Amino acid sequence: MALLEIENIHTYYGHIHALKGVSLDVDKGEIVTLIGANGAGKSTMLKTTSGLLRPRQGSIHLEGEDLTCYRPHQIVAKGVVQVPEGRRIFGRLTVRENLEMGAFAIPDAGLIQSNLERVYNLFPRLRERQKQVGGTLSGGEQQMLATGRALMANPSVLLMDEPSMGLAPVLVDIIFDTIRQLHADGTTILLVEQNARMALQVASRGYVLQSGTVVLSDSAENLRRNEMVRQAYLGES
Amino acid sequence: MRQALKVGLIGGIVAVLLSLIGMVEAFSQRDIIARVISMGHTLLVIVALFMGYLAAKRTPGKGSLRVLANSFISGLIVGGLVSLLVIVGSLINLRKVFVNAMPVLYELLTFKQGTQIGVFLLLGAGALSGALAGLFFLSPKLLRRVLLISLGSIVSVGVLQDLLRPTFALWGPLAIINEWLFTANGLTIRGAIGLFIMITAASLFWSTKGETIQTGFRNLPTAPQRILKITGILALVFILLILPQVLGLFLSEVFTIVGLYVLLGLGLNIVVGYAGLLDLGYVAFFAIGSYTIAILTSPELGFFSLTFWEALPFVIVMGVISGVLLGTPVLKMRGDYLAIATLGFGEIIRILVLSDFLRPWLGGAQGIGKIPKASILGYEFAGPQQIYYLILAGCLLVIFISLRLRDSRLGRAWMAVREDEDVAQAMGINLVATKLLAFATGAGFSALSGAIFASKLGSVYPHSFNVMISINIVCVIIVGGMGSIPGVIVGAIALVGLPELLREFAEYRLFVYGAALVAMMLLRPEGLWPEAVHRREFHEEKENQAESESPLKLKSG
Ligand SMILES: Nc1ncnc2c1ncn2[C@@H]1O[C@H](COP(=O)(O)OP(=O)(O)OP(=O)(O)O)[C@@H](O)[C@H]1O
Ligand SMILES: [Mg+2]
């Protein structure tokens with residue numbers, strides 16, 4: 001049984017049918033990527049998983065427990081934590097306050113402290129800037145902060161929404177190195193990316209989403225070789 | 001040069017407007033210093049001084065001659081425009097448009113010297129004020145500060161003379177101050193000079209020696225430091241306790257009104273300042289508190305006749321319940337929509353209590369009377385001098401609760417919701433509970449304030465609870481500084497207390513209020529006493545490095 005099992009999810013925005021029966025699963029310790037064009041429904045999928053959106057149909061299970069009807073804060077407490085699209089850090093709070101906010105669901109002060117250490121070791125840049133106001137960080141630093149903030153909640157599943165968006169290639173590399181490191185530490189990751197090339201390098205499996213339905217799912221290796229994926233998402237001919 | 005012209009013109013227009021709306025004339029009834037300068041003239045001089053200072057500040061380059069020339073010119077222009085008003089006024093009858101453009105006004109403006117000489121005097125006075133402001137700008141910082149404080153105090157004492165005189169009269173032997181300081185209208189010359197010297201000396205002392213005293217205090221070992229701190233707090237408590245006796249009836253009344261607004265402000269501060277939910281119907285909870293206490297205690301209705309203290313728990317519970325009831329339907333609304341919806345709620349409550357349908361229970365337009373005063377062990381909180389203590393206790397309690405809440409887990413949740421609702425949820429914060437708790441806490445404080453208000457007045461009427469109260473409370477918070485507890489107190493004193501003291505100028509109250517708000521938004525948008533997070537928004541560059549200890553503590557529970 002997979003750690004996270006998503007089955008036949010239908011999500012609507014009013015009348016807009018954004019997800020039309022998406023099923024996917026993520027095994028423990030695995031990186032799974034969800035790729036797709038703009039508007040395919042990737043963010044919608046992540047938001048549905050983290051409870052910010054309610055699916056009209058379908059189910060989400062974590063280790064066999066039905067999360068479908070849980071509210072967002074309950075889902076966070078279960079260990080499913082999202083790094084939102086566009087970073088969304090608290091612009092007026094300092095780096096440190098942002099991180100502490102990320103640990104809101106954690107009741108134990110000692111654990112918060114050790115999480116903080118872990119995040120600072122992962123991103124030494126954040127330690128240097130702990131007292132800087134979030135809104136004045138560079139884009140790359142903000143992404144580190146958003147990731148660090150999510151890690152503060154001790155996620156068993158990390159949902160990352162386009163962590164490389166708008167970053168220079170060097171920074172994209174740094175972010176993907178972090179993803180590898182998190183993977184090595186045993187964190188399970190569901191990664192949404194426009195940068196399919198990078199995503200398929202770190203992931204073990206991938207799903208291709210097209211206007212709200214999964215059109216392809218395979219191992220990352222096979223997807224990289226797939227003609228359609230190469231044309232549409234890897235920009236090769 | 002261009003700047004000087006521009007600034008001067010703006011100042012001139014302001015001065016002319018102040019004259020035409022009758023403010024200068026109304027203010028001339030009173031002298032700041034007897035037979036030397038009236039309040040009306042002071043007002044115009046302040047305009048010229050301010051504009052001179054502004055012109056000096058905006059002078060490009062540092063040449064002191066240029067600075068002086070610029071401030072001189074802008075002052076001259078201010079004087080010039082006022083002279084123009086006098087000349088035009090003496091030729092054409094302006095009264096058809098401006099009711100206040102009467103001969104008295106021109107006489108005042110020309111110092112009773114007739115148009116020709118008066119115009120020269122005006123130009124001279126404007127230019128002189130401008131040049132003085134330029135000199136002021138060029139003088140060292142210490143001198144500027146000291147001058148500003150002492151001149152400011154003289155003007156304030158002059159403006160508040162009618163309040164200070166009876167207050168000093170209460171002070172037994174110290175009542176001599178009155179004789180020395182005041183005439184029937186305005187300060188005596190020797191009083192003004194004495195005051196000037198005293199305040200200059202005091203502020204000079206503090207400016208030069210204050211630093212050393214402060215560091216000396218900080219260098220003390222912790223034990224004596226603590227003793228000093230506790231003594232300070234005790235002294236403050238003592239002053240707060242004897243205040244009504246020292247200040248007399250009228251000022252105590254003003255303090256009770258300020259105190260009620262502090263209570264309201266602290267409550268709304270939780271909703272708006274902490275949780276970021278703009279609630280414009282906040283007066284509803286004030287009304288609910290007042291009416292609950294009225295229904296439970298007034299014999300006029302004859303339902304219940306509890307005492308104030310027996311009824312108070314019900315009042316708070318009613319407040320909290322109605323907070324939740326208002327909060328539930330607007331949970332999904334944000335920003336402007338929330339503001340409008342809550343505005344509606346405020347009106348609904350007012351119309352309900354006004355309705356004929358509910359008259360048997362709520363008294364309709366006549367309201368409910370005969371609300372008994374609160375009393376403890378036979379001490380009745382009857383007049384303002386007694387109710388003051390009730391309100392003081394309420395304020396201290398609410399300040400304490402606010403402080404504890406701010407640093408609590410709930411306080412952090414409010415902060416997260418204020419900064420970004422969606423992300424707050426993604427951090428594991430229960431959005432519904434967090435928002436409802438904010439509404440409920442705020443409403444509870446407001447209901448408490450309402451209960452004290454009702455028992456102070458002895459009766460409640462629907463018209464006491466109009467939308468202006470909500471707006472006022474929001475202004476108190478904005479002016480004081482969003483989310484800041486001392487800010488609420490400062491804001492309430494500035495926006496509620498001061499206008500109350502300056503009642504004589506009732507006509508211009510709203511005008512001054514508006515001007516002050518505009519000035520605030522231009523000069524200090526973060527509020528008079530801002531709280532750390534909000535200050536950052538306006539001073540990001542400066543705060544980056546100098547950020548002190550994180551206000552969030554790693555606390556959990
Ligand atoms: N709040 C909303 N209201 C209405 N429609 C929405 C809303 N959010 C998203 N949609 C629509 O749902 C569809 C899926 O959007 P989604 O944000 O999931 O796309 P995405 O795959 O994340 O795209 P991108 O790569 O650009 O982030 C799009 O057609 C979008 O227009
Ligand atoms: Mg997206």
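Only heavy atoms go into these numbers, but all of them, side chains included; no hydrogens, no water, no symmetry mates. Labels below follow one simple rule: chain letters A, B, ... track the order of the sequence lines, proteins then strands, and each chain is numbered from 1. Keep in mind the model is a prediction, meaning the values are calculated, not measured.
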Original post:
Can you tell which of A/Ser50, A/Ala105, A/Pro72 has the highest number of heavy-atom pairs within less than 4.5 Å of chain B?
Top reply: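 Most heavy-atom pairs within the cutoff with chain B belong to A/Pro72.
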Subject >> Sorted by number, residues from residues 143-164 of chain A in contact with chain B (heavy atoms, under 4.5 Å) >> reply: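 A/Arg149 fall under the 4.5 Å cut-off.
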Original post:
Which pair of non-hydrogen atoms, one from A/Leu52 and one from B/Asp422, has the smallest distance, and what is that distance?
Top reply: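 That would be CD2-O, 4.1 Å.
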Original post:
Side chains of A/Met101 and B/Glu419: closer than 4.5 Å at any heavy-atom pair?
Top reply: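 A/Met101 does not reach B/Glu419 side chain to side chain.
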Original post:
Less than 4.5 Å apart, any side-chain heavy atom of A/Arg92 and any of B/Arg418?
Top reply: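 Result yes, sub-4.5 Å side-chain heavy-atom pair found.
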Has [X] got more than 12 heavy atoms of other residues, nucleotides or ligands less than 6.0 Å from its [atom1]?
| X | atom1 | result |
| --- | --- | --- |
| A/Glu65 | CD | yes |
| B/Arg226 | CZ | no |
| A/Gln130 | CD | yes |
| B/Tyr337 | OH | no |

Original post:
Hey, does the side chain of B/Arg409 reach the backbone of A/Phe104 with a donor-acceptor pair shorter than 3.5 angstrom?
Top reply: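 Judged by distance alone, yes, a pair lies under 3.5 Å.
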**OP:** Report the C-alpha distance between A/Leu93 and B/Met415 in whole Å, list the side-chain angles of each, state the deciding distance to 0.1 Å, and finish with yes or no for side chain to side chain contact (heavy atoms under 4.5 Å, CB included).
**Re:** CA-CA 9 Å; A/Leu93 304 190; B/Met415 190 199 276; 3.4 Å; yes
**OP:** Under 4.5 Å heavy-atom distance to chain B, tell me which part of A/Arg88 shows up: side chain, backbone, both or neither.
**Re:**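 Both backbone and side chain.
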Subject >> Distance in Å, A/Gln82 CD paired with B/Gln425 CD, rounded so as to fall on 0.5 Å steps >> reply: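 Between atom CD of A/Gln82 and atom CD of B/Gln425 there are 11.0 Å.
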